[in-house]
**Student:** 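Pasting in a structure now, in structure tokens, and then I'll have a few things to ask.
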Amino acid sequence: MNQNKSQALRLHVPEPSGRPGQVTDFSYLHLSPAGAVRRPPVEAAPADTSDLAYSLVRVLDEEGNALGPWDPKLAPERLRTGLRAMMKTRIYDARMLIAQRQKKISFYIGCLGEEAIAVAQALALQPGDMCFPTYRQPGLLLARDDIDLVEMICQLMSNERDPLKGRQLPVLYSYKRAGFFTVSGNLATQFIQAVGWAMASAIKGDSKIASAWIGDGATAESDFHTALTFAHVYRAPVILNVVNNQWAISTFQAIAGGEATTFAARGVGCGIASLRVDGNDFLAVHAASLWAAERARSNLGPTLIEWVTYRGGAHSTSDDPSRYRPADDWAHFPLGDPIARLKAHLMLLGAWSEDEHEAVRQELEAQVSAALKEAERYGSLAAGHMAGAAAMFEDVYKDMPEHLRQQRDQMLRAEMDKQRREA
Ligand SMILES: Cc1ncc(C[n+]2csc(CCOP(=O)(O)OP(=O)(O)O)c2C)c(N)n1
């Protein structure tokens with residue numbers, strides 16, 4: 001080799017194939033046909049899952065048939081529960097986006113197209129398990145019937161009934177009683193916290209497991225890598241969910257490290273059993289979640305699951321995706337719409353009909369509208385009645401220190417003076 005003949009180096013900067021006005025080439029996803037990928041026993045060694053980290057677990061085919069070894073063979077009633085919860089999530093999202101446009105709430109983040117992942121995993125977990133979600137898993141809450149929609153909307157409105165007393169940005173919910181850890185705006189922090197929670201459960205000899213959530217973009221944060229190392233070293237009972245919706249605001253997943261590899265493959269490299277799964281296939285999500293949960297509960301350690309899906313909507317109400325990706329991109333995404341796919345399956349089974357779908361849709365629309373109306377009675381961004389200002393100083397520490405007491409009293413005195421002047 002001639003060592004003198006050197007080429008000019010070039011920096012590689014990944015780009016999506018589709019920009020506004022173009023058509024995305026989705027062949028980079030490397031899909032497997034429904035039913036084609038093997039289902040190893042839950043005792044499988046992490047290294048023996050490496051082929052699964054580069055293929056795609058799928059159950060539902062294009063017509064809605066359930067195929068192959070991952071079919072969880074759920075009772076139709078369970079599937080109907082799942083479809084209903086996904087519809088509820090979609091309707092809630094759509095209504096809250098409008099409420100933001102009407103200035104009733106300051107901000108909103110939707111999960112259009114990603115409903116199956118949170119809902120099907122919620123139905124695969126057990127009471128007492130703890131999820132460490134991002135802002136894009138309201139389905140974990142909406143799949144439950146013990147969470148009041150009115151209370152959730154009061155959080156969005158930061159009003160008098162906001163359980164978080166107006167201290168958190170909308171959608172950063174917190175429901176300890178429902179196994180939904182407080183959402184933080186700082187990306188990826190929850191991923192390592194989930195591993196620590198799972199380690200604590202193991203230290204106590206408990207039977208509960210953790211479910212950690214992260215987006216494709218946030219896997220580039222160092223907490224992602226720390227979480228994988230700790231989960232592997234201590235064989236923590238945790239499901240490490242990576243939701244690859246192809247986008248992190250305006251950046252394509254390739255620039256987070258997804259080009260010519262998969263996020264599931266990161267797990268195998270760290271000694272963690274890993275799966276890459278069709279995130280728009282309710283049956284595949286449920287089956288893979290059960291597989292991972294059983295591993296965790298049997299002291300077989302963590303499982304990383306990359307859910308391949310697509311962010312159907314804008315990143316948030318502050319984002320306009322038509323500036324950086326094709327407007328009709330979601331319509332071309334080869335894994336389709338999770339609600340339409342489960343609906344087709346249930347209709348094939350004879351356990352659902354167009355009439356029932358429409359009736360359920362109307363019922364859920366009415367339920368969400370009624371909850372919104374009731375929540376507004378306790379105040380909204382437009383109408384006022386915010387959580388009391390004095391609560392701002394509480395819970396910074398367990399006991400309020402002297403300097404916070406002084407700041408609170410100063411504020412209350414100023415408020416009283418103002419009222420006196422105005423009276
Ligand atoms: C530490 C940190 N860096 C940056 C941000 C700003 N930010 C908020 S959401 C987001 C994109 C996250 O993308 P991804 O992890 O793919 O999740 P998705 O929003 O697609 O669900 C960014 C960069 C943040 N909140 N925290």
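As the structure lists them, so they are numbered: ligands from 1, and atoms in each ligand from 1. A quick note: this is a predicted structure, and the numbers were derived from the prediction, not measured. Side chains included, hydrogens not; waters and symmetry mates left out as well; all remaining heavy atoms used.
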**Student:** Should the pair F26 and Y310 be assigned to parallel (<30°), tilted (30 to 60°) or perpendicular (>60°) ring geometry?
**Tutor:** perpendicular
**Student:** Around ligand 1, what residues show up once you keep those with a heavy atom under 4.0 Å from it?
**Tutor:** Y135, R136, G185, N186, L187, G215, D216, G217, A218, E221, N245, W247, A248, I249, H315
**Student:** If you draw a 6.0 Å radius around CZ in R144, do more than 12 non-hydrogen atoms from other residues or ligands fall strictly inside?
**Tutor:** yes
**Student:** Within 45° of the ring axis of F393 and under 6.0 Å from its six-membered ring centre, is that where the NZ or CZ of R408 lies?
**Tutor:** no
**Student:** Under the side-chain hydrogen bond (donor to acceptor under 3.5 Å, both in side chains) rule, what pairs show up with a residue in residues 218-232, not counting sequence neighbours?
**Tutor:** none
**Student:** Between F132 and W213, is the ring centroid distance below 6.0 Å?
**Tutor:** no
**Student:** Any Lys/Arg nitrogen of D129 or R297 sitting under 4.0 Å from an Asp/Glu carboxylate oxygen of the other?
**Tutor:** yes
